[in-house]
Amino acid sequence: MIQFQEETAADAFFWNNSLVPPDTQKTRFENFNLKGLSDSQQDAFRKLKWYAENFGNWGDFDSLLLQGNYGIGKSHLSHSVAQHVKSLRKNVIFANTKMLLRKIRNSYGDSKETEAHILKNIESCELLVLDDLGAEYVRKDKDGEESWAADLILTIIESREDKPNIITTNYNVESLQSKYGTHGGRIISRMMPGTRVVKFTGEDRRIKGGGNSAWNQG
Ligand SMILES: Nc1ncnc2c1ncn2[C@@H]1O[C@H](COP(=O)(O)OP(=O)(O)OP(=O)(O)O)[C@@H](O)[C@H]1O
Ligand SMILES: [Mg+2]
């Protein structure tokens, strides 16, 4: 029997504001397969599930930084948290960083979806997942400063100080800092307080094949 679930305000907020890469849209804790994973991946799964199930009752931190190589489940797990927290009827945004910067760039000259409107929702939401930080292309200007994108990332991070965030990245903190040039130090210094780092490694699921295809279930 097909069951229709009523769309909540939290569902609408999520879908209106989120930018989820296609291979992440169907990811949930329930379809994260633990078989054959490294210890650090299994540990990351447990930590992320705990974070979701204890939303707001974490103790002395409120944010997570997921670090690791490609294709190991960072987006899968952080999107699973987002879905769980949305089901608690909280306003959540999952934004792939590259897609978000493109959306903001395209909003210039658009009277309906303004940059201010996009940034206001990012600032106000109860959980922000900023996915794949550092993978966006940051052009250096003539002084070597990575201006526009770094400026926006700083604005976003500043607006989310003391609020729950999950950031996923392939970079370590030092590399992120140097990527954002003169803004790097500021971004990191605002990002790290209250943040627990979840570092993990594993086989690249995209190369190995797998994902959520029926072939690899079980
Ligand atoms: N343990 C797992 N069980 C089922 N599917 C998985 C698992 N790990 C990863 N996947 C799938 O593999 C693909 C790649 O995983 P994911 O996007 O989470 O990687 P990532 O760590 O975010 O990589 P990147 O650094 O390139 O963004 C996704 O389609 C994801 O759903
Ligand atoms: Mg990812």
Side-chain angles (χ1 to χ4, degrees), residues 11 14-15 17-56 58 61-88 90 92-101 125-136 153 156-157 160 164-176 179 191-192 194-218:
D11 290 323
F14 184 86
W15 295 118
N17 292 289
S18 291
L19 296 155
V20 188
D23 75 342
T24 301
Q25 287 174 5
K26 293 207 168 86
T27 63
R28 301 289 186 279
F29 286 121
E30 291 73 26
N31 57 29
F32 191 74
N33 189 346
L34 290 170
K35 217 163 68 184
L37 297 190
S38 70
D39 289 348
S40 63
Q41 278 172 303
Q42 301 198 22
D43 187 53
F45 170 79
R46 277 192 295 273
K47 285 179 169 152
L48 273 287
K49 199 153 187 284
W50 181 89
Y51 181 91
E53 288 172 353
N54 294 280
F55 189 80
W58 303 297
F61 67 100
D62 57 15
S63 297
L64 301 176
L65 177 65
L66 271 58
Q67 274 179 347
N69 57 291
Y70 305 115
I72 58 171
K74 298 183 300 298
S75 299
H76 191 130
L77 290 173
S78 55
H79 183 257
S80 302
V81 176
Q83 288 293 330
H84 180 87
V85 175
K86 171 167 79 63
S87 77
L88 306 175
K90 299 199 180 291
V92 178
I93 295 178
F94 181 106
N96 173 273
T97 309
K98 198 194 262 178
M99 292 164 80
L100 177 64
L101 294 185
C125 68
E126 292 164 279
L127 172 67
L128 173 70
V129 180
L130 197 54
D131 183 47
D132 227 353
L133 182 66
E136 74 284 354
I153 305 263
I156 290 169
I157 299 289
R160 298 290 307 171
N165 304 304
I166 300 178
I167 294 175
T168 83
T169 185
N170 296 130
Y171 293 89
N172 61 33
V173 171
E174 296 73 38
S175 311
L176 275 180
K179 181 176 169 80
M191 195 171 104
M192 295 315 289
T195 297
R196 286 280 165 90
V197 178
V198 181
K199 204 171 192 160
F200 55 116
T201 54
E203 270 187 86
D204 183 343
R205 192 99 180 182
R206 293 200 193 91
I207 291 178
K208 203 181 155 201
N212 289 310
S213 74
W215 185 263
N216 288 282
Q217 297 292 311

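Since we're looking at a predicted model, the values are computed, not measured. Computed from heavy atoms alone, side chains included, the values below leave out hydrogens, waters and symmetry copies.
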J.: Any side-chain donor paired with an acceptor under 3.5 Å for T24 and H79?
T.: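 No, no side-chain donor-acceptor pair sits under 3.5 Å.
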J.: Counting N and O atoms only, with roles assigned by atom type, does the side chain of D132 sit under 3.5 Å from a partner on the main chain of A135, one being a donor and the other an acceptor?
T.: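 It does not hold such a pair.
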J.: State, with a plain yes or no, whether a side-chain heavy atom of L176 is found less than 4.5 Å away from one of Q67.
T.: no
J.: Checking V81 against L64 for the side chain to side chain contact (heavy atoms under 4.5 Å, CB included) test, could you report, in this order, the C-alpha distance in whole Å, the side-chain angles of both residues, the deciding distance, and whether it holds?
T.: CA-CA 11 Å; V81 176; L64 301 176; 5.9 Å; no
J.: Any chance OH of Y171 has more than 12 other-residue heavy atoms, nucleotides or ligands included, within less than 6.0 Å?
T.: no
J.: Looking at side-chain heavy atoms only, is the closest gap between L130 and I93 below 4.5 Å?
T.: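 A side-chain contact under 4.5 Å is absent here.
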J.: If every non-hydrogen atom of D204 is compared with every non-hydrogen atom of G71, which pair is closest and at what distance?
T.: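 For D204 versus G71, the nearest heavy atoms are OD1-CA, 3.4 Å.
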J.: Should F200 and L37 count as side-chain neighbours, where that means a heavy-atom distance under 4.5 Å?
T.: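 No, too far: nothing below the 4.5 Å cut-off.
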J.: Would you compute the distance between atom CD of E53 and atom CG of L88 and round it to the nearest 0.5 angstrom?
T.: 9.5 Å
J.: I need the minimum non-hydrogen distance between H76 and R28, along with the two atoms involved.
T.: NE2-O, 3.1 Å
J.: What's the spacing between K74 NZ and L65 CG if we round to 0.5 Å?
T.: 10.5 Å
J.: Is there a donor-acceptor pair closer than 3.5 Å between any side-chain N or O of T168 and the backbone N or O of D131?
T.: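 Not confirmed, T168 side chain does not pair with D131 backbone.
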J.: For the residue pair F32 and F45, categorise the inter-ring angle as parallel (less than 30°), tilted (30 to 60°) or perpendicular (more than 60°).
T.: parallel
J.: Among residues at least two apart in sequence or on other chains, which ones pass side chain to side chain donor-acceptor pair (under 3.5 Å) with K86?
T.: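 Per chain and number, K86 pairs via side chain to side chain donor-acceptor pair (under 3.5 Å) with D11, Q83.
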J.: Does L127 reach the side chain of K90, with side-chain heavy atoms less than 4.5 Å apart?
T.: no
J.: Quick one: are F14 and V20 in side-chain contact, heavy atoms under 4.5 Å?
T.: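 The answer is yes; the side chains approach within 4.5 Å.
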J.: For M191, is there any backbone N or O sitting under 3.5 Å from a side-chain donor or acceptor partner on R160?
T.: no
J.: Which value, rounded to the nearest 0.5 Å, describes the distance between I156 atom CD1 and L128 atom CG?
T.: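 The CG atom of L128 is 7.5 Å from CD1 of I156, to the nearest 0.5 Å.
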J.: Do other residues, nucleotides or ligands put more than 12 heavy atoms under 6.0 Å from the CD atom of E126?
T.: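 For E126, atom CD is crowded (more than 12 foreign heavy atoms under 6.0 Å).
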J.: When rounded to the nearest 0.5 angstrom, what distance separates NZ in K49 from CG in N54?
T.: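 Going from NZ on K49 over to CG on N54, the span is 10.5 Å.
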J.: Answer whether the closest heavy-atom distance between the side chains of L66 and I166 falls below 4.5 Å.
T.: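 Heavy-atom side-chain distance check passes, below 4.5 Å.
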J.: Atom OH of residue position Y70 - does it have more than 12 heavy atoms of other residues, nucleotides or ligands inside 6.0 Å?
T.: no
J.: On a heavy-atom basis, which atom in V198 and which in A44 lie closest, and how many Å separate them?
T.: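 Taking V198 first and A44 second, the nearest heavy atoms are CG1-CB, 3.8 Å.
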J.: Less than 4.5 Å apart, any side-chain heavy atom of Q41 and any of I72?
T.: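 Of all side-chain heavy-atom pairs linking I72 with Q41, at least one is under 4.5 Å.
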J.: Nearest heavy-atom pair of D23 and R206: which atoms, and what distance?
T.: OD2-NE, 3.3 Å
J.: Do you know which two heavy atoms are closest between F61 and G194, and how far apart they sit?
T.: CB-O, 3.4 Å
J.: Say you draw a straight line from OG of S80 to CG of N31; how long is it, rounded to the nearest 0.5 Å?
T.: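 So the gap between those two atoms works out to 6.5 Å.
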J.: S175 and N172: side-chain donor and acceptor closer than 3.5 Å?
T.: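 Side-chain D/A pair, S175 to N172: present.
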J.: Among residues at least two apart in sequence or on other chains, which ones pass ring pair (Phe, Tyr, Trp, His ring centres under 6.0 Å) with F55?
T.: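 Here the qualifying residues are W58.
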J.: Distance-only, no hydrogens or angles: does the S38 side chain make a donor-acceptor pair with backbone N or O of G202 under 3.5 Å?
T.: no
J.: Rounded to the nearest 0.5 Å, how far apart are CD1 of I153 and CG of L133?
T.: 5.0 Å
J.: Looking at Q42 and L34, what are the two nearest heavy atoms and their distance?
T.: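 Minimum heavy-atom separation between Q42 and L34: NE2-O, 3.6 Å.
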